[in-house]
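First the structure, in the form of structure tokens, and then the observations on it.
Start at 1 and go down the list; that is how both ligands and their atoms are numbered. From a predicted model like this one, the values you see are computed outputs, not experimental measurements.
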Amino acid sequence: MNLILLGPPGAGKGTQAVKIVEKYHIPHISTGDIFRANIKNGTELGKKAKEYMDKGELVPDDLVCEIATTRLLEDDCTDGFLLDGFPRTVYQAEKLDEFLEKHGKKVDKVLDIAVEKEELMQRLINRRVCKACGATYNVKNMPPAKEGVCDKCGGELMQRADDTKETVENRIEVYNSQTMPLVEYYEKAGNIAHIDGAIGLENVFNHIVSVLGE
Ligand code: AP5
Ligand code: MG
Ligand code: ZN
């Protein structure tokens, strides 16, 4: 199963990805996570990506495509994958289609998760992420049992550098202008499913399972 998670910042792509990979046993590939790991390790790629990410702008297409396709060539992607946050422009989608076609594959389903702007803002400004294992919390509606501490591994919780009010606003604008056109792109391809992302995470997941099948 070759899947794409589409949706604005804060729609719950990462949250649903954890549940999807657990159920369907496919690797979770988040270009945002790959960049953040590179920033943490101080690589050249990380330095380049950080310039854009801190402003809430998109990292240049060719750089992202190179990273994503290299990752898709790894062995664990043979029987499927879940892309989270890639593609994000029509150019990236075309490059992905070319790449998959070359390898005799295709995108099976695009899960387009929609949430209103006000809710997205609240979710991102209140998000906390575990430094050690990456688990996601929300101080308002999904707090950890102990403030600042990860329930799963005891790691320290932190705020993402791009989760400030100004940057979140810009990320949503960038999504609307550069990523929204992808909905039409996949609408034409006939493989998109629209998911209401504002109904609680278990309900969202149940809807996704009904689309993908048991
Ligand atoms: P990326 O890391 O992909 O971030 P994003 O798309 O902005 O999305 P987020 O990770 O912020 O949100 P999410 O949808 O995963 O939500 P989450 O599950 O955490 O990209 C970051 C940056 O990297 C980009 O800005 C860009 O610069 C660069 N980049 C990455 N890919 C690129 C590409 N292809 N091209 C160019 N540049 C690229 O949930 C959010 C919050 O809501 C959490 O607190 C969670 O607990 C809560 N929540 C989740 N679900 C629910 C629910 N159902 N109900 C209530 N609360 C919920
Ligand atoms: Mg995410
Ligand atoms: Zn943790």
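Of all the heavy atoms in Leu58 and Tyr52, the pair that sits closest is O-CD2, 3.5 Å. For Arg36 against Ser30, the heavy-atom pair with the smallest separation is NH2-OG, 4.3 Å. For Arg171 against Pro9, the heavy-atom pair with the smallest separation is NH2-CB, 3.6 Å.
For atom 24 (C) of ligand 1, the nearest non-hydrogen atom from the set Arg88, Arg171, Arg127, Gln178 belongs to Arg88.
Close approach of ligand 1 to Val59 is summarised as follows: ligand atoms under 4.0 Å from at least one heavy atom of the residue are 28 (C), 36 (C), 37 (N). Heavy-atom proximity to Phe86, at under 4.0 Å, picks out these atoms of ligand 1: 34 (N). Close approach to Asn141 involves these atoms of ligand 1, each under 4.0 Å from a residue heavy atom: 55 (C), 56 (N). Within ligand 1, the atoms closer than 4.0 Å to a non-hydrogen atom of Thr15 are 17 (P), 18 (O), 39 (O), 45 (C), 49 (C), numbered from 1 in the order shown. With ligand atoms numbered from 1 in the order given, ligand 1 contributes 53 (N) to contacts under 4.0 Å with heavy atoms of Gly197. With ligand atoms numbered from 1 in the order given, ligand 1 contributes 31 (N), 32 (C), 33 (C), 34 (N) to contacts under 4.0 Å with heavy atoms of Gly85. Under a 4.0 Å criterion applied to the non-hydrogen atoms of Pro9, ligand 1 contributes the atoms 5 (P), 7 (O), 8 (O), 12 (O). Within ligand 1, counting atoms from 1 as listed, the ones closer than 4.0 Å to a heavy atom of Lys13 are 5 (P), 6 (O), 8 (O), 12 (O), 13 (P), 14 (O), 15 (O), 16 (O), 18 (O).
A salt bridge does not link Glu22 to Lys19: none of the charged side-chain nitrogens sits closer than 4.0 Å to a carboxylate oxygen. A salt bridge links Glu169 with Lys165: the distance from a Lys NZ or Arg NE/NH1/NH2 to an Asp or Glu carboxylate oxygen falls below 4.0 Å. Note on Asp108 versus Lys106: salt bridge recorded, some NZ/NE/NH1/NH2 to OD/OE distance being below 4.0 Å.
With respect to atom 43 (C) of ligand 1, the closest heavy atom belonging to the protein is Thr136 CG2, 3.4 Å. Considering only non-hydrogen protein atoms, atom 35 (N) of ligand 1 sits nearest to Gln92 NE2, 2.9 Å. The shortest contact between atom 16 (O) of ligand 1 and any protein heavy atom is with Gly12 N, 3.3 Å. Looking only at protein heavy atoms, the nearest one to atom 53 (N) of ligand 1 is Leu201 N, 3.3 Å. Looking from atom 12 (O) of ligand 1 to the surrounding protein, the closest heavy atom is Gly10 N, 2.9 Å. Among all non-hydrogen protein atoms, the one lying nearest atom 15 (O) of ligand 1 is Gly14 N, 2.9 Å. Taking atom 48 (N) of ligand 1 as the reference point, the nearest protein heavy-atom neighbour is Met142 CE, 3.6 Å. Here the protein heavy atom with the shortest distance to atom 4 (O) of ligand 1 is Arg160 NH2, 3.2 Å.
Here the side chains of Leu182 and Ile192 are not in contact, with every heavy-atom distance at 4.5 Å or above. Between Pro144 and Cys150, every side-chain heavy-atom pair lies at or beyond the 4.5 Å cut-off. In this structure, the side chains of Tyr91 and Val64 stay at 4.5 Å or more apart for every pair of heavy atoms. Proximity of Asn126 to Tyr137: side-chain heavy atoms (C-beta onward) are nowhere separated by under 4.5 Å.
Contact annotation: for Tyr137 versus ligand 1, heavy atoms closer than 4.0 Å belong to the backbone alone. By the criterion of a heavy-atom distance under 4.0 Å, both the backbone and the side chain of Met53 are placed next to ligand 1. By the criterion of a heavy-atom distance under 4.0 Å, the side chain of Leu124, and not its backbone, is placed next to ligand 1. At a heavy-atom cutoff of 4.0 Å, ligand 1 is contacted by the backbone of Glu57 but not by its side chain. Counting heavy atoms under 4.0 Å from ligand 1, residue Arg36 touches it through the side chain alone. Counting heavy atoms under 4.0 Å from ligand 1, residue Val64 touches it through the side chain alone. Counting heavy atoms under 4.0 Å from ligand 1, residue Ile199 does not touch it at all.
The number of heavy-atom neighbours closer than 6.0 Å to CG of Asp79, taken from other residues, nucleotides and ligands shown, is 12 or below. Heavy-atom contacts from other residues, nucleotides or ligands closer than 6.0 Å to NZ of Lys48 number 12 or fewer. The neighbour count for Glu94 CD, taken as heavy atoms of other residues, nucleotides or ligands under 6.0 Å away, is above 12.
In terms of N/O distances under 3.5 Å, ligand 1 is approached by Arg123. Polar contact check, Asp33 against ligand 1: no nitrogen or oxygen pair lies under 3.5 Å apart. Annotation: Thr31 places an N or O atom under 3.5 Å from an N or O atom of ligand 1; distance criterion only. At under 3.5 Å, not a single nitrogen or oxygen of Val204, backbone or side chain, sits near a nitrogen or oxygen of ligand 1. Between Arg128 and ligand 1, no N or O atom pair is found at a separation short of 3.5 Å.
Atom OG1 of Thr69 and atom NZ of Lys102 lie 8.5 Å apart (nearest 0.5 Å).
Partner Ile4 forms a side chain to side chain contact (heavy atoms under 4.5 Å, CB included) with one of Ile29, Asn191, Val107 and no other, that one being Val107. For the side chain to side chain contact (heavy atoms under 4.5 Å, CB included) with Leu83, the lone residue among Leu6, Leu96, Leu5, Leu3 that qualifies is Leu96. Each of Val168, Val139, Asp163 was scored for a side chain to side chain contact (heavy atoms under 4.5 Å, CB included) with Arg127, with one residue passing: Asp163.
Taking the Zn ion (ligand 3) as the corner point, the angle from Cys153 atom SG to Cys150 atom SG is about 110° (rounded to 10 degrees).
No heavy atom of Lys55 sits closer than 4.0 Å to any atom of ligand 1. Within the 4.0 Å heavy-atom cutoff, Ala11 counts among the residues contacting ligand 1.
Side-chain atoms of Asp196 and His207 include no donor-acceptor pair closer than 3.5 Å.
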